Visitor: 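Next up is a structure, given as structure tokens.
Just so you know, these numbers come straight off a predicted model, no measurement behind them.
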Amino acid sequence: MHTAKQAKQHAKQAKHAMTGNGHSQHAGEDFEIDVRALRERAREHLDEGAVTEDYRADRDAVVHMLNDALATELVCVLRYKRHHFMATGIHAEPVAAEFAEHAAQEQDHADRIAARIVQLGGEPDFSPDSLSSRSHAEYVTCKTLRDMIRENLVAERIAIESYREMIHYLGDRDTTTRRLLEEILAVEEEHADDMRDLLDRE
């Protein structure tokens, strides 16, 4: 049973009050927002959209990094698509289906990366002329089913390492982009496991 003193203390900690000087206090004295200043800053530089004054990363560098990631995803889409249609042999049908599923997921990654680039005030680079040179992974055609699986595994391992490096670079300076890349990384790790399992069956 709570004593009267404990109940009073709990009520004080749970209180969310706006003070007369425009400060918002939450759960005690350790956290305080200058609401008036926050509102004033929000009205400045409206052309910046989601990028506010406290954005701590180098925006140009992040946009460049994301455009390289976009190129990587698009090249992976094209490689998986080719392998899907070119897969032949007695075991080809389930492998081709796996390639198609991965192509769709890589396209989703590309779309999400492009959307984030726009949020940061950049322009997503879909130029086909520079895709292969900007991509971390390679577009390898292959002739046999086993070679296709192997090259896709190689590409996934490249993507995994490059996303980890990007996540490390961002740290806590751009948590939204970092979370996006962490979610993509998790899928790329699943793709690598899928390709390894298929390679073991061949």
Side-chain angles (χ1 to χ4, degrees), residues 26 30-31 33 38 41-42 45 47-81 83 98-99 101-140 142 148-200:
H26 302 268
D30 294 336
F31 178 69
I33 294 177
L38 185 150
R41 288 196 305 271
H45 310 295
D47 58 313
E48 298 290 334
V51 182
T52 56
E53 195 175 86
D54 63 345
Y55 184 81
R56 293 188 291 156
D58 181 334
R59 187 165 32 155
D60 290 339
V62 174
V63 167
H64 179 80
M65 178 183 76
L66 290 178
N67 263 317
D68 286 351
L70 175 62
T72 303
E73 294 292 346
L74 292 173
V75 166
C76 287
V77 171
L78 295 173
R79 188 188 61 254
Y80 271 124
K81 280 286 190 181
H83 292 176
E98 194 76 34
F99 290 161
E101 180 181 350
H102 286 200
Q105 290 169 333
E106 305 289 11
Q107 182 63 63
D108 177 66
H109 296 169
D111 292 345
R112 295 176 67 190
I113 290 169
R116 182 57 181 163
I117 290 170
V118 174
Q119 280 185 331
L120 291 173
E123 298 181 3
D125 188 351
F126 286 91
S127 172
D129 294 335
S130 61
L131 274 185
S132 60
S133 62
R134 290 186 291 115
S135 171
H136 301 156
E138 297 175 286
Y139 178 85
V140 183
C142 303
M148 292 178 190
I149 297 168
R150 180 182 176 82
E151 285 303 324
N152 285 316
L153 177 54
V154 169
E156 295 295 354
R157 287 171 58 82
I158 291 170
I160 288 168
E161 189 165 346
S162 62
Y163 277 123
R164 284 178 180 159
E165 289 186 12
M166 286 185 270
I167 290 164
H168 178 73
Y169 165 76
L170 289 170
D172 61 356
R173 294 178 296 171
D174 181 344
T175 54
T176 302
T177 301
R178 189 191 71 206
R179 283 196 303 271
L180 169 63
L181 299 183
E182 286 171 343
E183 291 169 3
I184 293 174
L185 171 61
V187 178
E188 303 296 6
E189 289 175 339
E190 290 177 6
H191 288 180
D193 280 344
D194 292 341
M195 292 299 104
R196 182 198 59 193
D197 291 345
L198 290 175
L199 201 60
D200 288 343

Visitor: Establish, from distance only, whether the side-chain atoms of Asn152 and His102 form a donor-acceptor pair under 3.5 Å.
Guide: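 Short answer, no.
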Visitor: Over all heavy atoms of both residues, which pair between Val75 and Ala137 is shortest? Give the atoms and the distance, please.
Guide: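 Shortest heavy-atom contact: CG1-O, 4.0 Å.
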Visitor: Quick one: closest heavy-atom pair of Leu70 and Pro124, and the distance?
Guide: CD2-CB, 3.8 Å
Visitor: Is any side-chain heavy atom of Val62 closer than 4.5 Å to one of Arg173?
Guide: no
Visitor: Within a strict 4.5 Å, meaning less than it, do heavy atoms of the Ile184 and Met166 side chains meet?
Guide: no
Visitor: Should the pair Arg79-Glu106 be classified as a salt bridge under the 4.0 Å nitrogen-to-oxygen rule?
Guide: no
Visitor: Looking at Met195 and Ile149, what are the two nearest heavy atoms and their distance?
Guide: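 Heavy atoms of Met195 and Ile149 come nearest at O-CG2, 3.3 Å.
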Visitor: Could you check whether His109 and Gln105, counting side-chain N and O atoms only, form a donor-acceptor pair closer than 3.5 Å?
Guide: no
Visitor: With rounding to the nearest 0.5 angstrom, report the CD to OH distance, Glu151 to Tyr80.
Guide: 11.0 Å
Visitor: Does any N or O in the side chain of Asn67 come within less than 3.5 Å of the main-chain N or O of Asp125, such that one atom is a donor and the other an acceptor?
Guide: yes
Visitor: Which heavy atom in Arg116 sits nearest to a heavy atom in Asp174, and how many Å separate them?
Guide: NH2-OD1, 3.1 Å
Visitor: State, to 0.1 Å, how close Val140 and His83 come at their nearest heavy-atom pair, and which atoms those are.
Guide: O-NE2, 2.9 Å
Visitor: Salt-bridged, Glu182 to Arg178, with N to O below 4.0 Å?
Guide: yes
Visitor: To the nearest 0.5 Å, what is the distance between NE2 (His191) and CG (Leu153)?
Guide: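 If I round to the nearest 0.5 Å, the distance is 12.5 Å.
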Visitor: For the side chain to side chain contact (heavy atoms under 4.5 Å, CB included) test, which of Arg157, Glu73, Glu161 pairs with Glu188?
Guide: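 Result for side chain to side chain contact (heavy atoms under 4.5 Å, CB included) with Glu188: Glu73.
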Visitor: Salt bridge between Glu189 and Arg164, side-chain N to carboxylate O under 4.0 Å?
Guide: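 Counted as a salt bridge, because a side-chain N and a carboxylate O are separated by less than 4.0 Å.
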Visitor: Donor-acceptor pair, distance only, cut-off 3.5 Å: does the side chain of Thr175 make one with the backbone of Asp172?
Guide: no
Visitor: Could you tell me which non-hydrogen atom of His136 sits nearest to which non-hydrogen atom of Ile158, and how far apart they are?
Guide: O-CG2, 3.7 Å
Visitor: Answer yes or no: is there a donor N or O on one side and an acceptor on the other, between the side chain of Ser135 and the main chain of Leu131, under 3.5 Å?
Guide: no
